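Note that this is a predicted model, so its numbers are computed, not measured. Letters go in sequence order (proteins before strands), and every chain restarts at 1.
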Amino acid sequence: MAFVDSLLQNCHSLSHIKQLHAHLTTTGLFPFHRSKLLDRCATSPSLSLLPYAAFVFRHTPSPSTNDYNAIIRGLALTPTPTRALTCYLHMSRAPTTTTRPDALTCSFALKACARALALPEAAQIHSQVTRFGFGLDALLQTTLLDVYAKAGDLDGARKVFEEMTSRRDIASWNALIAGLAQGNRPSEALEMFKRAGSEGLRANEVTVLGALSACSQLGATREGEKIWEYVRGEGLDLNVQVCNAAIDMYAKCGFVDKAYQIFERVCRKSLVTWNTMIMALAMHGDGRRAMELFEEMGRFGVCPDSVSYLAALCACNHAGLVDEGFRLFNSMAGRGVSPNVKHYGSVVDLLGRAGRLEDAFEIVRSMPVVPDVVLWQTLLGACKTYGNADMAEQVSRKLVEMGSNSCGDFVLLSNVYAALERWGDVGRVREAMKNRDIKKIPGFSYTEVEGVVHKFLNGDQSHPSWREIYRKLEEVRFRIEAYGYVPETNYVLHDIGQEDKENALCYHSEKLAVAFGLISISDRASIQVIKNLRICGDCHTVIKLISKIYEREIIVRDRARFHRFKQGSCSCRDYW
DNA sequence: GTAGGGTTAG
């Protein structure tokens, strides 16, 4: 038997499999090895042997549970994982003593749900899992938890986790921590990470990957550093993935030099290592070094992929390297990487920001992939910057056609009109906004003070020190007005009076966070803020002035990049 | 006469 197993292990081609199949058939041993053969074929890395498995399966008169398992497992790995669910359904509808789903069947079917983001189906299998009596199977419960998280039901995932109580192990924690981190709930991910520690679990490389990712998102420097120390202490820094996550964490917490130190010391850099570092430099506006690294990776025998190009384009964007970026974009196809919608979006941004609106629009017109909402929004932003109302109207129409109901799109258009003093049109846009179900993504900012992350919403008054913060902002306002500051009220969204507009601007979340930093972070130490959206023009102006008047370095990470404010100017050189 | 399932970076 072991002999057949090892033969099977060494079958890599269809002809080998067929030979083995023929041999087993002639010796009458095939029925004893069928499931293994099916599994081997169904899970062949390139999917090339799956059709053969399906063929053999179809010609099996009464397939066993194991035969089904092999096929479901294989189908779950294909680009169309729902086929695995169809097969599972077929199996569970006609149960016999020999074909009853077992824990593995459920596990493979759940994998398919995770890949297909099929939440209702996952819930259905969940109830079957319970009915079949697999409720105590820790591995299966972890799979279940993972599916809920991946399919977007994080509360469902938490519930499964809490119900596992004593049976959960480090992998269950990992699934939850990673799920929360990837599901945009990084604070909860960190909470769970800390809880795992306090419950005596020993974090492994997977645990720290999830936790580091959460720190990246939150800009939680203190926690990130602690994790990195732990990683080094445990020797987990031999793991490339962990190093990549740490590079990303340091870069996103504002310490691009520290990120680079780690990058340099990774001896077996993977493609992701290079991409992460290039993206890090791009975010920090260091376009030159990013491009150098991009060139260098080729010399190290690492071939740039579509993410590398995106990172490099992004670097050109933020550094204003318009011609270089455009050249890079045009060279992609020749080097075997065909641009996707993100690359097109990036080059449209590059040209649009540089004021080459017609060139940007021409790219959109001629591109072979369908432009997405983000791309149109990028172009609309450029129209706003350069006051091109005609193009803004065309682009807005596209956005409306695509069903965009984002507040920002309408505001941009309205601001284009406002800048041209076309108040009638401004009113028309505002009217259109009232008649639609407009979605406004609430802006918020984080700042870390003594290891604690504080979160602020626009106009937030829920922070314990909010009165002091607002008082500080009054003072700031008074002092910056002496420098000739005038609020840029066209960034304000709603139809409100001038004074209210100014107030609404005054209390943008990033300003609250900076003010909180001013009152709570000791003299001279820099203030770090992370914002979920792009920083607004008024905040940018105000923070520049604050950095000068209060002699503070202020570092703001917005949705797109870092802004490092020092002595009255910003590292983005006002190009953003 | 039968192995195989959970968590993983840009």
| request: Walk me through it: do R195(A) and E162(A) pass the test salt bridge (charged side-chain N to carboxylate O under 4.0 Å, His left out)? | output: CA-CA 13 Å; R195(A) 204 178 118 193; E162(A) 297 302 341; 3.3 Å; yes

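Computed from coordinates, the L209(A) CG to dA9(B) C1' distance equals 6 Å when rounded to whole Å. When the C1' atom of dG5(B) is taken as reference, atom OH of Y68(A) falls 20 Å away, rounded to whole Å. Put simply, CG on D5(A) is 9 Å from P on dG4(B), counting in whole angstrom units. In this structure, the CH2 atom of W228(A) is 16 Å from the P atom of dA9(B), given to the nearest Å. Regarding F134(A), its CZ atom lies at a distance of 18 Å from the P atom of dG4(B), rounded to whole Å. Here the P atom of nucleotide dT7(B) and the CZ atom of F193(A) are 19 Å apart, to the nearest Å. Counting to the nearest Å, the C1' atom of dA3(B) and the NZ atom of K36(A) are 5 Å from each other. Between the CG atom of N244(A) and the C1' atom of dA9(B) there is a distance of 5 Å, rounded to whole Å.
The phosphate of dT8(B) (OP1 or OP2) has a side-chain N or O of K150(A) nearer than 4.0 angstrom. Taking 4.0 angstrom as the limit, Q9(A) places none of its side-chain polar atoms (N or O) nearer than this to OP1 or OP2 of dA3(B).
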N/O donor to acceptor pairs below 3.5 angstrom from side-chain atoms of residues 325-332 of chain A, sequence neighbours left out:
residue	atom	partner	partner atom	Å
N330(A)	ND2	F326(A)	O	3.1
S331(A)	OG	L328(A)	O	2.7

Just list the side-chain donor-acceptor pairs under 3.5 Å for residues 61-68 of chain A, sequence neighbours left out, or say none.
residue	atom	partner	partner atom	Å
S64(A)	OG	N66(A)	N	3.3
S64(A)	OG	D67(A)	N	3.2
S64(A)	OG	D67(A)	OD2	3.1
T65(A)	OG1	T98(A)	O	2.8
T65(A)	OG1	R100(A)	N	3.1
T65(A)	OG1	R100(A)	O	2.9
D67(A)	OD1	R34(A)	NE	3.4
D67(A)	OD1	S35(A)	OG	2.8
D67(A)	OD2	R34(A)	NE	3.0
D67(A)	OD2	R34(A)	NH2	2.7
D67(A)	OD2	S64(A)	N	2.9
Y68(A)	OH	H90(A)	ND1	3.3

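Residue T143(A) places no side-chain atom within donor-acceptor reach of the base of dG6(B), judged by atom type and a 3.5 Å distance cut-off alone. Counting atom types as modelled, D169(A) pairs a side-chain N or O with a base atom of dG6(B) as donor and acceptor under 3.5 Å. Under 3.5 Å, the side chain of N66(A) and the base of dG4(B) form at least one donor-acceptor pair of N or O atoms. For D137(A) against dG5(B), a side-chain-to-base donor-acceptor contact under 3.5 Å is present.
Distance from the side chain of A175(A) is smallest to dT7(B) among dT7(B), dG5(B), dG1(B). In this structure, of dG5(B), dT8(B), dG6(B), it is dT8(B) that holds the atom nearest to the side chain of Q182(A). Distance from the side chain of A178(A) is smallest to dT7(B) among dT7(B), dG5(B), dG1(B). You'll find that the side chain of F108(A) is closest to dG5(B), out of dA9(B), dT7(B), dG5(B). Looking at the side chain of N174(A), the nearest of the listed nucleotides dA9(B), dG4(B), dT7(B) is dT7(B). Of all nucleotides listed (dG6(B), dG4(B), dA9(B)), dG6(B) comes nearest to the side chain of K111(A). Proximity note for Q241(A) (side chain, C-beta onward) versus dA9(B), dT7(B), dA3(B): the nearest is dA9(B).
Using a 4.0 Å heavy-atom distance criterion, S172(A) is classed as a base contact. Among the protein residues, D67(A) comes within range of no part of the nucleic acid, since none of its heavy atoms lies under 4.0 Å from any strand. Residue contacts shown for A280(A) are absent, as no nucleic acid heavy atom lies under 4.0 Å away. Counting any heavy atom pair closer than 4.0 Å across all strands shown, L310(A) reaches no nucleic acid atom. T142(A) comes within contact range of at least one nucleobase, with a heavy-atom separation under 4.0 Å.
Ring orientation note: the planes of H284(A) and F562(A) are close to parallel, at an angle under 30° on the 30°/60° scale.
No more than 12 heavy atoms of other residues, nucleotides or ligands sit less than 6.0 Å from atom CZ of R559(A). Enclosure of atom CZ in R288(A) is not indicated, since only 12 or fewer non-hydrogen atoms of other residues, nucleotides or ligands lie within 6.0 angstrom.
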